[in-house]
Amino acid sequence: GISQVILIGDMPPNTREEVISKRGSMGESYWQSCQKPYLLNATYYEQELQHLKDQGIPVHAFYVRESAKNSFESIATESNGQSDFLNVNLPNGAEHLTNVVSLRILDQAGGEDFVQSYKEKFMAGHIG
């Protein structure tokens with residue numbers, strides 16, 4: 001099963017009203033004709049977050065713009081996850097993203113020993 005979710009984004013989630021409005025602009029018949037089953041019904045982040053919380057799945061939410069900070073921090077806090085700013089525009093932004101995702105996965109898969117081995121091999125001389 002899923003042990004954690006890593007959310008990376010630049011905007012807060014759509015409100016229920018925004019989802020309804022945006023789906024309405026295309027017409028419900030459009031959504032019902034989609035080939036992707038997950039697009040058939042409207043989804044709301046509050047309900048999806050509650051499903052994850054009910055299963056004890058943390059959401060680690062990394063925002064790349066300040067506009068998403070408050071909602072991403074709230075999502076992470078509610079689900080016992082971690083939230084942080086992720087500056088992908090820095091020269092080492094891709095490396096930072098790789099490290100953040102890798103550390104989350106390794107922590108879940110093998111705990112501190114795995115995390116420490118990764119840090120020693122790939123992050124020597126870096127903070128993190």
Side-chain angles (χ1 to χ4, degrees):
I2 296 172
S3 61
Q4 62 186 323
V5 172
I6 297 175
L7 173 65
I8 301 170
D10 64 349
M11 295 296 291
N14 287 318
T15 64
R16 184 173 290 270
E17 293 76 21
E18 289 169 330
V19 170
I20 292 167
S21 172
K22 290 176 181 182
R23 281 184 68 91
S25 69
M26 296 294 288
E28 200 56 38
S29 61
Y30 168 81
W31 297 105
Q32 296 305 310
S33 68
C34 286
Q35 299 298 315
K36 309 234 185 285
Y38 58 85
L39 295 176
L40 291 175
N41 299 308
T43 57
Y44 308 102
Y45 90 92
E46 299 95 342
Q47 289 175 313
E48 299 304 318
L49 179 59
Q50 188 60 53
H51 292 316
L52 294 170
K53 287 169 37 179
D54 290 347
Q55 297 175 57
I57 299 172
V59 178
H60 306 292
F62 300 93
Y63 51 94
V64 296
R65 290 180 53 196
E66 285 293 315
S67 57
K69 180 180 180 176
N70 290 341
S71 60
F72 277 43
E73 286 180 345
S74 176
I75 289 167
T77 299
E78 282 188 50
S79 66
N80 294 315
Q82 173 187 355
S83 180
D84 198 4
F85 176 69
L86 186 61
N87 191 342
V88 295
N89 295 314
L90 290 175
N92 65 342
E95 179 183 356
H96 181 64
L97 175 58
T98 299
N99 289 336
V100 165
V101 172
S102 296
L103 290 171
R104 292 284 120 228
I105 292 168
L106 290 170
D107 183 52
Q108 192 69 37
E112 188 57 35
D113 289 343
F114 282 28
V115 168
Q116 194 56 40
S117 292
Y118 179 89
K119 285 180 176 181
E120 289 170 5
K121 184 167 185 171
F122 299 105
M123 298 174 67
H126 297 287
I127 296 175

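When a residue number appears, it is its place in the shown sequence, counting from 1.
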Once you round to the nearest 0.5 Å, how far does [atom1] of [X] lie from [atom2] of [Y]?
X	Y	atom1	atom2	value
H51	Q47	NE2	CD	6.0 Å
F85	E66	CZ	CD	6.5 Å
R65	N89	CZ	CG	10.5 Å
T43	N14	OG1	CG	9.5 Å
I57	L49	CD1	CG	11.0 Å

**OP:** Taking all non-hydrogen atoms of both residues into account, name the closest pair between H96 and L86 and its distance.
**Re:**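 In terms of heavy atoms, the two residues are closest at CD2-CD1, 2.9 Å.
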Original post:
If every non-hydrogen atom of N80 is compared with every non-hydrogen atom of P58, which pair is closest and at what distance?
Top reply: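 Heavy atoms only, the tightest pair is O-CB, 3.6 Å.
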List, one per line, each side-chain donor-acceptor pair under 3.5 Å for residues 101-113, sequence neighbours excluded.
unit_1: S102; atom_1: OG; unit_2: T98; atom_2: O; d: 2.8
unit_1: R104; atom_1: NE; unit_2: Q82; atom_2: OE1; d: 3.0
unit_1: R104; atom_1: NH2; unit_2: Q82; atom_2: OE1; d: 2.8

Group every Ile, Leu, Val, Met, Phe, Trp and Tyr by side-chain heavy-atom contacts under 4.5 Å, then state whether [X] and [Y] land in the same group.
X	Y	value
L97	L7	no
M26	Y38	yes
V5	Y63	yes

**OP:** Only counting residues at least two apart or in another chain, list the ones meeting side-chain contact (heavy atoms from CB on, under 4.5 Å) with L39.
**Re:** W31, C34, K36
**OP:** Please confirm whether the backbone N or O of P12 pairs with a side-chain atom of S67, one donor and one acceptor, at under 3.5 Å?
**Re:** no
Original post:
Do the side chain of Q32 and the main chain of L40 share a donor and acceptor less than 3.5 angstrom apart?
Top reply: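 Checking the backbone N and O of L40 against the side chain of Q32, a donor-acceptor pair under 3.5 Å is found.
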Subject >> Flag if over 12 foreign heavy atoms under 6.0 Å of OH, Y118 >> reply: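 For Y118, atom OH is crowded (more than 12 foreign heavy atoms under 6.0 Å).
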Original post:
Do other residues, nucleotides or ligands put more than 12 heavy atoms under 6.0 Å from the CD1 atom of I2?
Top reply: no
Identify every side-chain donor-acceptor pair in residues 70-77 under 3.5 Å, counting partners at least two apart or on other chains, and give the distances.
unit_1: S71; atom_1: OG; unit_2: A68; atom_2: O; d: 3.3
unit_1: S74; atom_1: OG; unit_2: E78; atom_2: OE2; d: 3.3
unit_1: T77; atom_1: OG1; unit_2: E73; atom_2: O; d: 2.8

Original post:
I6 and F62: side chain to side chain contact (heavy atoms under 4.5 Å, CB included), yes or no, with the steps?
Top reply: CA-CA 8 Å; I6 297 175; F62 300 93; 4.2 Å; yes
**OP:** Could you go through the side chain to side chain contact (heavy atoms under 4.5 Å, CB included) check for I8 and V88 one step at a time?
**Re:** CA-CA 11 Å; I8 301 170; V88 295; 5.8 Å; no
